[in-house]
Amino acid sequence: MIDKRQIEGVFKKFELNDYRWFNPTEIVTGHWVRMKCMFGCSEYGNAACPPNVPSLDECRAFFNEYETGVLFRFSTLADKEKYPMDWTHDLQNRLVECEKSVFLLDYRKSFLLNMTGCVQCKECKQDRVRCVNKRSARPNPEAFGIDVYATVRKAGYDLHVVTESPAEMNRFAFLLIE
């Protein structure tokens, strides 16, 4: 049984304050998400991105192995021409440490889907075998075919495409716990 109060103590330790509990079996996936990765994302081919991740069917089966998940929301003012890399790197490190801390509470299946593509290295080796940060590199939700907009809306967050710049940017990370 999940002790949410104990886990929320971990979130507080890592200053992860904007979150919602959800059921991972309700994650919305779509082939179109992978197509957007393949045709439109500059990170396609990186070690934690397609094609270096499981198939969409394998990802759906993976989500169905969990009954508990947490969505973390992160917001910042951002300019489309200058992505906030320092902000992203700090958050990814905190999220990976949070995942590890939840694991150490005896939730052995804890698994993080980062809020954006992996930024652990300045230059990605482009495959999992040669990845130099295997312990901390995590895929983002889109790499696993998650329709982030539909999934976070189901969880009660309001999310829309950003059409102006600079503007508030929202990113979501998924922590699966069992």
Side-chain angles (χ1 to χ4, degrees), residues 1-29 43 46-49 53 59 62-79 82-122 131-162 166-178:
M1 180 165 213
I2 301 290
D3 184 343
K4 288 183 179 179
R5 286 192 4 196
Q6 182 185 40
I7 295 170
E8 288 171 347
V10 172
F11 301 164
K12 186 174 182 176
K13 173 183 170 186
F14 291 102
E15 299 177 11
L16 304 171
N17 302 315
D18 189 351
Y19 61 87
R20 299 216 173 132
W21 294 92
F22 78 106
N23 184 333
T25 63
E26 296 180 6
I27 289 174
V28 179
T29 60
E43 295 173 8
N46 285 352
C49 292
V53 295
C59 291
F62 174 68
F63 301 142
N64 288 333
E65 292 181 4
Y66 290 85
E67 293 180 11
T68 307
V70 177
L71 282 170
F72 294 103
R73 179 175 64 174
F74 305 100
S75 298
T76 191
L77 185 64
D79 188 322
K82 187 177 179 209
Y83 191 82
M85 291 303 291
D86 291 341
W87 176 77
T88 300
H89 194 267
D90 171 63
L91 282 173
Q92 284 193 1
N93 288 336
R94 283 193 284 148
L95 285 163
V96 168
E97 288 301 312
C98 175
E99 176 202 55
K100 179 181 176 182
S101 295
V102 171
F103 170 82
L104 291 173
L105 293 175
D106 204 24
Y107 297 103
R108 61 183 172 50
K109 289 172 49 179
S110 298
F111 189 82
L112 172 69
L113 294 165
N114 251 329
M115 62 186 209
T116 189
C118 181
V119 294
Q120 294 299 313
C121 302
K122 288 187 181 204
C131 178
V132 295
N133 281 305
K134 288 181 182 83
R135 288 185 181 262
S136 59
R138 297 293 184 280
N140 63 27
E142 293 87 352
F144 271 40
I146 295 176
D147 180 338
V148 173
Y149 287 85
T151 303
V152 302
R153 286 175 182 160
K154 275 179 123 177
Y157 282 111
D158 188 33
L159 181 63
H160 299 280
V161 174
V162 176
E168 181 181 33
M169 174 180 70
N170 289 289
R171 292 288 185 254
F172 291 86
F174 293 62
L175 180 61
L176 308 177
I177 305 169
E178 207 66 38

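Predicted, not measured: the structure shown is a model, and the values here were computed from it. Values below: all heavy atoms of this structure, side chains included; hydrogens, waters and symmetry mates excluded.
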* Any donor-acceptor pair under 3.5 Å linking the side chain of Gln92 with the backbone of Thr116? -> yes

* Asked: Taking the six-membered ring of Tyr157, is NZ or CZ of Arg20 closer than 6.0 Å to its centre and within 45° of its axis?
  -> yes

* Asked: When rounded to the nearest 0.5 angstrom, what is the spacing between CG in Leu104 and CD in Glu99?
  -> 10.0 Å

* **Side chain to side chain, Thr68 and Tyr107, heavy atoms closer than 4.5 Å** => no

* Please state whether the rings of Phe174 and Phe22 are parallel, tilted or perpendicular, taking 30° and 60° as the class boundaries. => perpendicular

* Verify, without hydrogens or angle tests, whether Thr25 (side chain) and Asn64 (backbone) share a donor-acceptor contact under 3.5 angstrom. => no

* Asked: Phe11 pairs by side chain to side chain contact (heavy atoms under 4.5 Å, CB included) with which of Leu175, Asn17, Asp18?
  -> Leu175

* Asked: So do Cys98 and Leu16 actually touch side chain to side chain, heavy atoms under 4.5 Å?
  -> yes

* To do: Apply side-chain contact (heavy atoms from CB on, under 4.5 Å) to the pair Trp21 and Ile7, showing each step before the final yes or no.
  => CA-CA 11 Å; Trp21 294 92; Ile7 295 170; 3.9 Å; yes

* To do: Would you please say whether a donor-acceptor pair under 3.5 Å links the side chains of Asn170 and Ser75?
  => yes

* Is the Phe74 ring parallel, tilted or perpendicular to the Phe72 ring (thresholds 30°, 60°)? -> parallel

* Structure fact -> Separation between CG (Leu91) and CG (Asp86), nearest 0.5 Å, reads 11.0 Å

* Could you walk me through whether Leu159 and Phe172 pass side-chain contact (heavy atoms from CB on, under 4.5 Å), step by step? => CA-CA 10 Å; Leu159 181 63; Phe172 291 86; 3.8 Å; yes

* To do: Take atom NZ of Lys100 as the centre, draw a 6.0 Å sphere, and report whether it contains more than 12 heavy atoms from other residues, nucleotides or ligands.
  => no

* To do: Rounded to the nearest 0.5 Å, what's the gap from CG on Leu112 to CD on Glu97? Could you check?
  => 11.0 Å

* Structure fact -> The ring pair (Phe, Tyr, Trp, His ring centres under 6.0 Å) partners of Phe103 (sequence neighbours excluded) come to none

* Minimal non-hydrogen separation, Ser101 against Val10, with atom names -> CB-CG1, 3.7 Å

* Within the distance-only criterion (no hydrogens, no angle test), does the side chain of Arg94 pair as donor or acceptor with the backbone N or O of Phe14 below 3.5 angstrom? -> yes

* To do: Locate the shortest heavy-atom distance separating Val102 from Ser110; write the atom from each residue and the value.
  => CG1-OG, 3.3 Å

* Got a sec: does the CD of Glu67 have more than 12 other heavy atoms crowding it under 6.0 Å? -> no

* Could you pull out all residues at least two apart from Phe144 that satisfy ring pair (Phe, Tyr, Trp, His ring centres under 6.0 Å)? => none

* Least distance between heavy atoms, Thr88 atom then Met115 atom -> CA-CE, 3.6 Å

* Asked: Roughly how far, to the nearest 0.5 Å, is CG of Asn46 from CG of Asn140?
  -> 10.0 Å

* Asked: Once you round to the nearest 0.5 Å, how far does CD of Glu178 lie from CZ of Phe111?
  -> 14.5 Å

* Taking C-beta and beyond as the side chain, do Arg153 and His160 meet within less than 4.5 Å on heavy atoms? -> yes

* When you measure from the centre of the six-membered ring of Tyr66, is the NZ or CZ of Lys109 under 6.0 Å away and within 45° of the axis? -> yes

* Heavy atoms only: give me the nearest Ala143-Cys49 pair and the separation to one decimal. => CB-CA, 4.2 Å

* Spacing of Thr76 atom OG1 and Arg171 atom CZ [to the nearest 0.5 Å] -> 10.5 Å

